[in-house]
Every structure is written in C-alpha cells, then in structure tokens.
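Letters A, B, ... are given to chains in the order of the sequence lines, protein chains preceding strands, and every chain is numbered from 1.
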Amino acid sequence: MSTDPYEPFRQEVRNILGEALRSMGVEQKVEFETPDPNIADMAFPCFPLAKVLRKAPKAIADELAAKIAPSALLERVWAENGYLNFKVNGDHLVKDTLGAIISEKRDYGAGEPKSCRVLLEHTSVNPTGPIHVGRARNPLIGDTLARCLRKNGYPVTTEYLVNDVGKQVVLLTWGVEHVPSSEVKPASDRQKVDHQLVGYYQRANELLESDPEVEKQVAEMLRAFENGDPLVIEKVRATTERMLDGIKESLTRIGVVLDQYTWESQFILNGEARQVVERLKLSPYAHEEEGAWYLDLSTFGIHGREQNFFFTRSDGTTLYTTRDMAYHLDKFKRSDLMINVLGEDQKLGQAHLLAALKILCEEKAPECVYYSFVSLPEGRMSTRKNVVVYLDDLIDEAEDRAFEEVRKRRVDLSEEKMRQISREIGRGAIRFNIVRVQAEKQLTFRWEEALNFEGNSAPFVQYAHARCCSILRKAGEFTHSFDPRLLNEPYERRLIRVLAQYPATVRDCGERRRIHLMPVYAHEVASALNQFYAYVPVLRSGEHQNARLTLVEAAMWVLRGSLDCLGLAAPEEM
RNA sequence: GGGCGAGUGGCCUAGACUGGAUAUGGCAGCAGCCUCCUAAGCUGCAGGUCCGGGGUUCGAAUCCCCGCUCGCCCGCCA
C-alpha cells in the first residue's frame, strides 16, 4: 500500500473539526470540500448548521475558528464567508510528498493488493470487418479501466467475446467462399487480412439484397449452422478467426492486448446455452408462443413492447442474449466482479440479461460501463455501407504527423529512433483524445482533433515527462533533498500539491470507474511541471539544485504513472 | 408513441452522483517570450442567458417538474 500524502491532513481536519463541533453540541460526520487552491486547501461550509444551531453561518464559522488552534499539520484555520477554511502546512506536504514518491517510485499511488478477481469484458466487436474509430472507443475505455483497476490493486483479466454466431458472420463466410475476388474492393490497399476480407462481406450484403438465389444459399447455410452442423460452424469460426487476427493487430498497434478470447459458438457446442433455455422454461415468468419461448419481465420494471424477452426461436434455437447468459454463468465461476464495456445500443439487452439472471436466482450480476457512439461529421459509421474511418488509417495518419513533428526538431536522431518515438506519440494522441471524454457523451470524430498534439493531449504530457528525463540525464548522480526551505517558489509548491493528489486520482479512476479524470489529472501535472520549468532553473541552481532535482524526479514518476494508467508510452526524449 | 443518455464561450471539455465562495481546462483568435535545463512550451488579453421555462432552498450548472434539440433502443438480429 502506498502513501497518500494528503491523508494525514484530511484525518487531522476530521479529528479537530469533529471535536469542535461536538463541543457545540453537533454530532455529525465531518464532510468538507476542496475549494479552489487560491482560497484554501480544505473548507467546511457552515450553512447547513445555521438551522440546527439557530445562528448565522458567519457566526458559526467564527466560533469554530476560535475553538481551533493551528497545529503541526494545519498552519492556518480561519473563517471566511461562512466557511471554515484550512491551509495545510506546506513544509510538511513537501517532505511527505517527495519522500513518498522517491521511496515508492512506480508504486506511488498504487492501491493495496486485493483478492477480488475482476473479469473485464471489452471490445467484443463483431468480426465482420476492420475495427473503425467508432468502435475503438470500446477497447480504449476497457483497456484504460483495466489499467486503472490494476493500479488500484485488483487482479484483472480482460476478455473479448467473439461473435462467431449468426447471420452476419455466416454471410461473411459465404462471401469469402462464393464472391469472386474481381467483384470485391478491399477496404484499403494494405495486405492486412481484415481489410481484404471486409470487401467480401460488403459485396455479399449487396448480393443478398439483390439476388434471391444468394438469399436462399445464405439461409440454407444459416439453417445448417443453427442446427449445429459442426462443419459449417467450424468454417464460420475459421473465417472469423482470420478476421479477428486483423483486428488484434490493430488493437496491438494502439497498445490494447486482451488476456483471453471466448468464442460464442462454444456455448452452443458445449450445451450450456441449451441448459440456460431449460432452466428458464421452468420459471413462472416463461411463456410460449408458437414454439418460441420468452420471459415476461413486466414485474422487473421492463414494460411495453420491451417486456417480452425471447430466449428461443420457434424452431428451438437460441438467441444472442441467451448465449450471453451462458457466457455470464461461465464468468461467474471465474471471477468476483464482472465489468462489461458496452455500446449504448446494448442497454436493453443487458437489462433483459440482468432480469433473466435474477430469475435463475443468480446473485451475481455484471456491472456495465456504456459509451455513446462516435460518429463522423457526415453521420453514423457503418462497415456495411463503407461509411467509416478505420482505426488503422487513423493510426497511420497519427504516426505520420508525429514523424513530421519529430523530424522538425530532432535532426540528431536516427531514422529508427524517430520512427519509434512517432509510434509512441501517434498512438498516445489517439488514446488520450478518446478517453478524455466521458463515455456517455456523444463524440464526433474530427481529424484535426484526433491529431491534436498540443494543449490537452498525450504529447503534451509525454513532453513534460521527456523534459524531466532530459534534466535528470544531464544532472547525473545527485543526492536527494526533501528540504522544504529549498523549495519555496510558488511554482514548486503548486507542482508538489498536484503530485500529492495522484493517489486520490488513481482511486477515483478505478473505484468509481471515472477514467476520464486521468487525462484531466495528467494534463494538470504536465502543466504544473511546464510552468515550473519555465520559471525555475534546476541545473546550475546552486544550493537548490538537489532539492529541485528531487522534485523533477518526483514529477517524472507521477507523469510516468499517469501515462501508464492511460496506456501511453513515456518516451525519455522526443 | 414509450424508455435510456447527453446539451456548459465560435469549437471540444471538467465540475453534476454528494447543491455552497470569482464555473475547469484546451483548441481556434489577438499581444508578447528562445545569449539559459527540448518553444509539442510559457505569459497576458479577449470570449459565458451552464438548452429554455417553472419549482425546492439561505444558496442551483448540480436536485424536482414541464418543454426543446441531438444520440441510442423498443427484432423469434447480433
């Protein structure tokens, strides 16, 4: 368990304030807020007490201020505008924060190791084409959340449920088998398997609509598949596997590697989906209509046209959500906490799934993180209609742009080194730009924003890190100094205050699943570092040098940690 | 028609769950800063009916109600 430098201060305020309140006859949990740092470090609003004590908030604040003397940890306690304000002892904060970071290094901010096994399902895009930037929001949210949870001490397994069942993948497989390559235009001229195969899928879709013979063949194949024909199932799986290879390659390029892949067809082949059907049929909520079975979920808060959840077709075959239930029952055995990262279109399906799991008397339930779709300025993306920006193209563009920037300023580096840095920057810019926005906000993809390398962006943070490395590289060996008297500049104090907030930020991102706060925080650290850098010399600063080098090293560890939570590389030069 | 989510300067965005002091940053714009640790940077200026209207409250971007706009869903698809 790492140190949270702010915790002793919070504890102190809770103690002395609680005591002061009790002496005034108020028994309550002490809740204080964190105001603008220019005002105070911590603040207690006295307004809610006005009614209880029948006094003006100002008077209450004055009275509290009179009761509380400054302490070793709190250098100033004062009343202002109906608040009781606290200023922490800055010297104490400097020593504690720098001391904690330098001794804990990459573990600073990490949570205590936990035994709760987390199974985080993300990505799970249909393998009918290359992953596009709309769907890329899923792996980026999922991977970032996984990293934040791991930082908090959770053992996390990430998993992709591969949809190798159903009309889409059957159609893809039919297309690969029957469409002549002369009729196919691939997604791009690259040799990547998913870019090659998607053309067959798109052409097959066209043929399906225009040619009744094709419709017949596909229906036939689908029927064989639904009846469990192992040959057909195997063929479809083989095609999706090829497509998935391409998708995996794209994911790897943006730094997303999943731990496990589970194939949906497995739950048909091993009979577990069938078992779900049989169990559901026994429930009092189950009804049958022309051979098709459904659950009436009106007592589960689902009403109207949505209340009937069909779990079999009239021919007895299973439906997607039924197989998803089998998958979840399987996950229950392997984990203590399940998190699913899903597109907002999945909400109803998940509501059905949650209700159905309750009907089966299952106590566990997955927790879901939903995200809104990314659209293009001209509208929604669609692989089928070829209205898309593929992730591969975005990555290429980002790396090219980054390469231009690196070449402009670093004539000294080898071509290979410049390429490596460009990859780290390009990939980072994409990840940062998508993760910085709250998942539930709709996002319109714009090239100029996705390729932003300034201000609130990954390169801004990476650059701050590289600056730290550069100074430390030039400094060579030095002796750490945590002497607050040597770190008195306002920009030094501000930077230290920000560094002290890292453990709390990590907790928020992981425990509250609010990963978009990490880019906000990382930008804040980088910004504080850049201001410090601009105004305070480090090298050749005489008696201050060791203390400032210590601060630079501390900033480097925190920047590195933040970048790591975000899945961004921390280049030492750029 | 019903359900869910979002609406914050020209554009993007934090804050909302847990109401509290002058609403956070960035992009674009304007004006400055490289004899000094990488200017992907720093400083300053300008820019706001927090979608609209009611309500609750000492106090509302935040909570409640009504409406508007946008997205998603309402298949024996996945």
Side-chain angles (χ1 to χ4, degrees), chain A residues 31 33 35-36 38-40 43 45-48 50-51 56-57 80-83 85 126 128 163 165-169 264 289-294 301-308 310-317 319-321 323-324 343-349 351 370 372-373 375 380 402 405-406 408-410 425 429 433 436-444 446 448-449 452-464 466-475 512 514 516-517 519-520 523-524 526-527 529-531 533-541 548 552 573-574:
Chain A
E31 301 272 10
E33 40 190 86
D36 184 311
N38 294 323
I39 302 173
C46 299
F47 308 92
K51 235 176 207 158
E80 191 179 339
N81 298 334
Y83 289 86
N85 288 335
N126 284 339
T128 50
N163 300 113
V165 177
K167 190 172 173 185
Q168 292 179 83
V169 282
E264 191 183 331
E289 190 181 296
E290 294 171 17
W293 285 79
Y294 66 91
I302 302 170
H303 300 286
R305 281 186 267 179
E306 302 175 344
Q307 77 185 45
N308 292 343
F310 279 86
F311 60 94
T312 77
R313 296 192 182 88
S314 49
D315 64 2
T317 54
L319 292 153
Y320 169 75
T321 307
R323 298 187 292 272
D324 201 19
E344 58 179 338
D345 56 332
Q346 305 287 317
K347 279 185 183 176
L348 179 60
Y370 296 103
S372 296
F373 287 121
S375 57
R380 190 178 170 165
E405 297 295 321
V406 175
K408 254 196 279 184
R409 57 202 93 199
R410 297 302 299 270
I425 292 170
N433 193 257
R436 60 177 252 271
V437 181
Q438 272 183 55
E440 54 272 19
K441 293 223 186 195
Q442 349 177 160
L443 216 131
T444 303
R446 292 191 179 85
E448 67 272 24
E449 281 171 23
N452 175 31
F453 288 180
E454 289 167 6
N456 197 1
S457 71
F460 181 92
V461 181
Q462 291 171 316
Y463 188 65
R467 277 183 153 172
C468 294
C469 292
S470 169
I471 292 175
L472 294 168
R473 197 166 45 238
K474 289 195 170 144
R512 307 180 72 187
R514 284 148 46 100
H516 67 283
L517 295 179
V520 171
H523 178 264
E524 217 170 290
S527 180
L529 184 279
N530 282 333
Q531 290 173 335
Y533 181 93
Y535 284 92
V536 184
V538 177
L539 300 177
R540 292 178 294 281
S541 64
R548 288 178 180 166
V552 169
E573 54 182 328
M574 55 190 276

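Taking atom CG of A:Asp36 as the reference point, atom C1' of B:U24 lies 10 Å away to the nearest angstrom. B:A6 atom P lies 12 Å from atom NE2 of A:His516, rounded to whole Å. For the pair A:Asn530 CG and B:C37 C1', the computed distance is 13 Å after rounding to whole Å. A:Phe47 places its CZ atom 13 Å from the C1' atom of B:U57, with the value rounded to the nearest Å. Atom CZ in A:Arg512 sits roughly 7 Å away from atom C1' in B:C17 (whole-Å rounding). The distance between atom CD of A:Glu573 and atom P of B:C37, rounded to the nearest whole Å, is 16 Å. When the P atom of B:G2 is taken as reference, atom NZ of A:Lys347 falls 18 Å away, rounded to whole Å.
Shown here, B:A46 forms no base pair; nothing in the strands shown gives a Watson-Crick or G-U wobble contact with both key distances under 3.5 Å. In this entry B:C33 has B:G41 as its Watson-Crick or G-U wobble partner, both defining distances falling under 3.5 Å. Nucleotide B:A14 is matched to nothing when pairs are restricted to Watson-Crick or G-U wobble geometry with both distances under 3.5 angstrom. Using Watson-Crick or G-U wobble geometry with both donor-acceptor distances under 3.5 Å, B:C70 finds its partner in B:G5. Nucleotide B:C77 is matched to nothing when pairs are restricted to Watson-Crick or G-U wobble geometry with both distances under 3.5 angstrom.
One finds the CD atom of A:Glu306 at 4.5 Å from the CG atom of A:Leu348 (value rounded to the nearest 0.5 Å).
For A:Asp345, the side chain to side chain donor-acceptor pair (under 3.5 Å) test picks out no residue, with sequence neighbours left out. With sequence neighbours left out, A:Ala351 forms a side chain to side chain contact (heavy atoms under 4.5 Å, CB included) with A:Ile302. A:Tyr535 pairs by the ring pair (Phe, Tyr, Trp, His ring centres under 6.0 Å) definition with A:Tyr491, not counting sequence neighbours. Scored by the side chain to side chain donor-acceptor pair (under 3.5 Å) test, A:Arg548 finds A:Glu492 as partners (sequence neighbours excluded). Take A:Glu440 and apply the side chain to side chain contact (heavy atoms under 4.5 Å, CB included) test, not counting sequence neighbours, and it matches A:Gln438. Annotation: ring pair (Phe, Tyr, Trp, His ring centres under 6.0 Å) contacts of A:His523 (sequence neighbours excluded): A:Phe460. Listed by chain and number, the residues in a ring pair (Phe, Tyr, Trp, His ring centres under 6.0 Å) with A:Tyr294 are A:His287, A:Phe310 (sequence neighbours excluded). Listed by chain and number, the residues in a side chain to side chain contact (heavy atoms under 4.5 Å, CB included) with A:Arg409 are A:Glu405 (sequence neighbours excluded). Every residue two or more places apart in sequence or in another chain that forms a side chain to side chain contact (heavy atoms under 4.5 Å, CB included) with A:Ala40 is listed here: A:Pro35, A:Trp78, A:Asn85.
The side chain of A:Arg409 places no N or O atom within less than 4.0 Å of a non-bridging phosphate oxygen (OP1 or OP2) of B:G41. OP1 and OP2 of B:U43 both lie 4.0 Å or more from every side-chain N or O belonging to A:Tyr535.
Checked by distance alone, A:Gln442 brings a side-chain donor or acceptor within 3.5 Å of a matching partner on the base of B:G5. Between the base of B:C36 and the side chain of A:Arg540 there is no donor-acceptor pair shorter than 3.5 Å. For B:A21, the base has no donor-acceptor partner in the side chain of A:Asn38 [N/O atoms by modelled type, under 3.5 angstrom].
Among the atoms of the strands shown, none is found under 4.0 Å from any heavy atom of A:Ala351.
Straight-line distance between the C1' atoms of B:A16 and B:G5: roughly 14 Å, to the nearest whole Å. Taking atom P on both B:C66 and B:G1, the two are 15 Å apart, rounded to the nearest angstrom. Of the P atoms belonging to B:U24 and B:C50, the separation is 14 Å, rounded to the nearest Å. Taking atom C1' on both B:A6 and B:C17, the two are 16 Å apart, rounded to the nearest angstrom. Remark: the separation of the P atoms in B:A28 and B:U69 is 34 Å, to the nearest Å.
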With sugar-phosphate taken as primed atoms, P, OP1 and OP2 and all else as base, the protein-contact string of nucleotides 72-78 of chain B at under 4.0 Å (heavy atoms; B, S, -) is SBB-BSB
Scoring nucleotides 25-33 of chain B by protein non-hydrogen atoms under 4.0 Å (B base, S sugar-phosphate only, - none) yields SSSS-----
What N/O pairs connect the protein and nucleotides 7-11 of chain B at under 3.5 Å? Give each pair on its own line.
| residue | atom | partner | partner atom | Å |
| --- | --- | --- | --- | --- |
| B:G7 | OP1 | A:Lys441 | NZ | 3.0 |

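Side-chain atoms of A:Val169 and A:Asn163, non-hydrogen and from C-beta on, never get closer than 4.5 Å to each other.
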